[in-house]
J.: 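One structure, as structure tokens, below. Some questions next.
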Amino acid sequence: MAKLPLPERRFALVDCNNFYASCEKLFRPDLKHRPLVVLSNNDGCIIARCALAKQLAIPMGAPFHQLKALLKQQQVAVFSSNYALYGDLSSRVMQTLEQLAPKVEIYSIDEAFLELSGLDFCQNLSDFGQHIRTTIKQQLGLPVCVGIGPSKTLAKLANYAAKKYPQFEGVLDLSEPHKRLHILARTPVQEVWGVGRKLAEHLHAMKIETALQLARACPQQIRKKFSVVLARTVNELNGLACLALDEVQEPKQQIISSRSFGQRVTDKGAMQQAISLYLSRAAEKLRAQQSLARRLSLFIRSSRFEQKTPFFGDQACLELTTPSNDSRVLQQAVMQLLDKIWRQGPAYAKAGVVLSDLCAIQGLQSQLFAPPPSERSQRLMATIDQLNQKHRGSVFIARQGKDGDWQMQQKFLSPAYTTRWDQLPEVR
DNA sequence: TCTGGGGTCCTAGGACCC
DNA sequence: TCTGGGGTCCTAGGACCC
């Protein structure tokens, strides 16, 4: 019997436009016609630009201090990143999407894949894309673009083109092969999902410059020369779905909490405070996903940009005899690590804590040498987390201290409009 | 003065075993 | 002195993503 062809799958990628910048503009209608940028932690780099700021050719990722004069001259509004605000708006966007489509994979803070295969409530997927756009605009005031295709990689690429070419009005469906050809031929290979700077260099050397040329490469050869990952990309570009929609969010396999300091740290006490805070954040995240860590690492480093003094950085890690998520246990361990690698002298610019080799609390009983954490510890930690959820920083381990020069710079922080009663926007 | 943070996956190479 | 071949497991590092 002849095999029936598999029904083609359909994916959509919904991506918020200039997400952080759009979030800031949402609560500042007075800035509607002004260029706006958002800075990274510590007000270091520019990590988001609104459309007007992009027109001014303000580059992504540029150090803020180098562009200060230009920004001022062009009257660009500047904001520190406000993750409380972006995180809250993100979850509202995702909830809206979940009402519009049965299967949603939250891919990042501002992107989600939807599975549209077998949706019969609308014949025309472009219309459905427009429906998503208008719904989110109406309900949340945020602009999004929608890319549609038979694989995730093509949906991504469609989204890129939907943003780039105004004639698509924010929605592009690349289901039709002839349409695909046209767009792929005009898309530089480095714009393909999974092709970064290094790979692009190698591909260029092989005269592969466009997405279409990559799509026409032989997957076996690509596999041999590069990796299974890029071979999969080739297949995906040809409409062969190799990547599935991941609806369930798996627990993280490692949790990092790290930060550059507001000012250089030379004093061990200040370093202890900072590390203590990072550790608490990491442990909170660990407990939130009901995990325990077996491995703990710490790194400290000076600045890579410092010309006058040599770079110094070191790291250390340890295995816990019993996996844990108890802040007190982890604090003690991380301080031991610091004692090991601390060197007086360097001006430290950054430090971080990594929890890895994670396992779920549930089901640990079966492991002979890993008894589950004590009731008492779990209850105490749960109480601390609850209190801190209500009011950030109300309970902390004494070593953290209250403030220090090392703390993050956020000179241009907007209010937490949507997550704190005392910072609700006022209507006058 | 001032240059982000948090993830995942794959691969190469060493340790170790038979 | 000479000194196989293959397997697994682990980790570090590099590439990518947002």
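Note: hydrogens, waters and symmetry copies are ignored here, and every other heavy atom, side chains too, is used. Proteins get letters first, then strands, A, B, ... in listed order; numbering begins at 1 in each.
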J.: Got a sec: does the CD of A:Glu319 have more than 12 other heavy atoms crowding it under 6.0 Å?
T.: yes
J.: Quick check: do A:Cys317 and A:Arg295 have side-chain heavy atoms less than 4.5 Å from each other?
T.: yes
J.: Look at all strands and tell whether A:Asp43 reaches a base, only sugar-phosphate, or nothing, counting heavy atoms closer than 4.0 Å.
T.: nothing
J.: Could you state the CE-C1' distance from A:Met408 to B:dG6, rounded to the nearest angstrom?
T.: 14 Å
J.: Students often get this wrong, so: under 4.0 angstrom with heavy atoms, is A:Val354 touching a base, only sugar-phosphate, or nothing?
T.: nothing
J.: Look at A:Arg281 and B:dG5 and indicate whether a side-chain polar atom (N or O) is within less than 4.0 Å of OP1 or OP2.
T.: no
J.: Nearest to the A:Lys285 side chain among B:dT3, B:dC10, B:dG7, which nucleotide is it?
T.: B:dG7
J.: Both A:Tyr83 and A:Ile256 contact DNA chain B. Taking the nearest nucleotide for each, which residue is further toward the 5' end?
T.: A:Tyr83
J.: How close or far is atom C1' of B:dG6 from atom CZ of A:Phe299, stated in whole angstroms?
T.: 10 Å
J.: Considering every strand and a 4.0 Å limit on heavy-atom distances, what is the contact class for A:Gln263: base, sugar-phosphate, or nothing?
T.: nothing
J.: Could you check how far CG of A:Leu230 sits from C1' of C:dG14, rounded to whole Å?
T.: 15 Å
J.: Check whether any side-chain heavy atom of A:Lys350 sits under 4.5 Å from a side-chain heavy atom of A:Ser258, and report yes or no.
T.: yes
J.: Using a heavy-atom cut-off of 4.0 Å across all strands, would you classify A:Gln409 as base, sugar-phosphate, or nothing?
T.: nothing
J.: Quickly work out the A:His65 NE2 to B:dG4 C1' distance and round it to whole Å.
T.: 13 Å
J.: Less than 6.0 Å separating the ring centroids of A:Phe11 and A:Phe113?
T.: no
J.: Consider the side chain of A:Arg223, meaning its heavy atoms from C-beta on, and name the nucleotide among C:dC18, B:dT3, B:dT11 that approaches it most closely.
T.: B:dT11
J.: Mind checking if A:Ser303 touches a base, just sugar-phosphate, or nothing, with heavy atoms under 4.0 Å?
T.: nothing
J.: Have a look at A:Leu199 and say if it touches a base, only the backbone sugar-phosphate, or nothing, with a 4.0 Å heavy-atom cut-off.
T.: sugar-phosphate
J.: Heavy atoms under 4.0 Å, any strand shown: does A:Arg304 hit a base, just sugar-phosphate, or nothing?
T.: nothing
J.: Ignoring backbone atoms, test whether A:Lys156 places a side-chain nitrogen or oxygen under 4.0 Å from the OP1 or OP2 oxygen of C:dC17.
T.: no
J.: Out of B:dT8, B:dG4, B:dC10, which has the shortest distance to the side chain of A:Asn41?
T.: B:dG4
J.: Would you find a donor on one side and an acceptor on the other, under 3.5 Å apart, between the side chain of A:Gln407 and the backbone of A:Gly262?
T.: no
J.: Considering residues, nucleotides and ligands other than A:Gln307, do more than 12 of their heavy atoms fall under 6.0 Å from its CD?
T.: no
J.: With a non-hydrogen cut-off below 4.0 angstrom, is A:Lys411 in contact with a base, only sugar-phosphate, or nothing?
T.: nothing
J.: Taking atom C1' of B:dG5 as reference, at what distance in whole Å does atom CG of A:Asn82 sit?
T.: 16 Å
J.: Below the 4.0 Å mark, does B:dG6 have OP1 or OP2 next to a side-chain nitrogen or oxygen of A:Ser258?
T.: yes
J.: Select one nucleotide: of B:dG6, C:dC18, B:dC9, the one nearest the side-chain heavy atoms of A:Gln253.
T.: B:dC9
J.: Base, sugar-phosphate, or nothing for A:Ile255, non-hydrogen atoms under 4.0 angstrom?
T.: sugar-phosphate
J.: Quick one: which of B:dT3, B:dG4, C:dC16 gets closest to the side chain of A:Lys198?
T.: C:dC16
J.: Work out how far the P atom of C:dC18 is from that of B:dT3, and round it to whole angstrom.
T.: 25 Å
J.: Would you say A:Asn325 and A:Ile361 make side-chain contact, with heavy atoms under 4.5 Å?
T.: yes
J.: Taking only the side-chain heavy atoms of A:Lys68 (C-beta and beyond), determine which of B:dG4, B:dC10, B:dT1 contains the nearest atom.
T.: B:dT1
J.: Touch check for A:Phe305, heavy atoms < 4.0 angstrom, all strands: base, sugar-phosphate only, or nothing?
T.: base
J.: Rounding to an integer number of Å, can you tell me how far A:Asp110 CG sits from C:dC17 C1'?
T.: 12 Å
J.: On DNA chain B, nearest-nucleotide positions of A:Phe64 versus A:Ser257: which is more 5'?
T.: A:Phe64
J.: Under a 3.5 Å cut-off for both distances, is B:dT11 Watson-Crick or wobble paired, and to whom?
T.: C:dA12
J.: Side chain of A:Arg295, heavy atoms from C-beta onward: which of B:dG4, C:dT11, B:dT11 has the nearest atom to it?
T.: C:dT11
J.: When you measure from the side-chain N and O atoms of A:Ser260 to the phosphate of B:dG5, is any distance below 4.0 Å, counting only OP1 and OP2?
T.: yes
J.: A:Glu319 has a side chain; which of B:dT8, C:dT11, B:dG4 sits nearest to it?
T.: C:dT11
J.: Write down the distance between CZ (A:Arg259) and P (B:dT3), rounded to a whole number of angstrom.
T.: 14 Å
J.: Can you measure A:Phe412 atom CZ to B:dC2 atom P for me and round it to whole angstrom units?
T.: 15 Å
J.: Less than 4.5 Å apart, side chain to side chain, heavy atoms only: is that true for A:Arg328 and A:Gln331?
T.: no
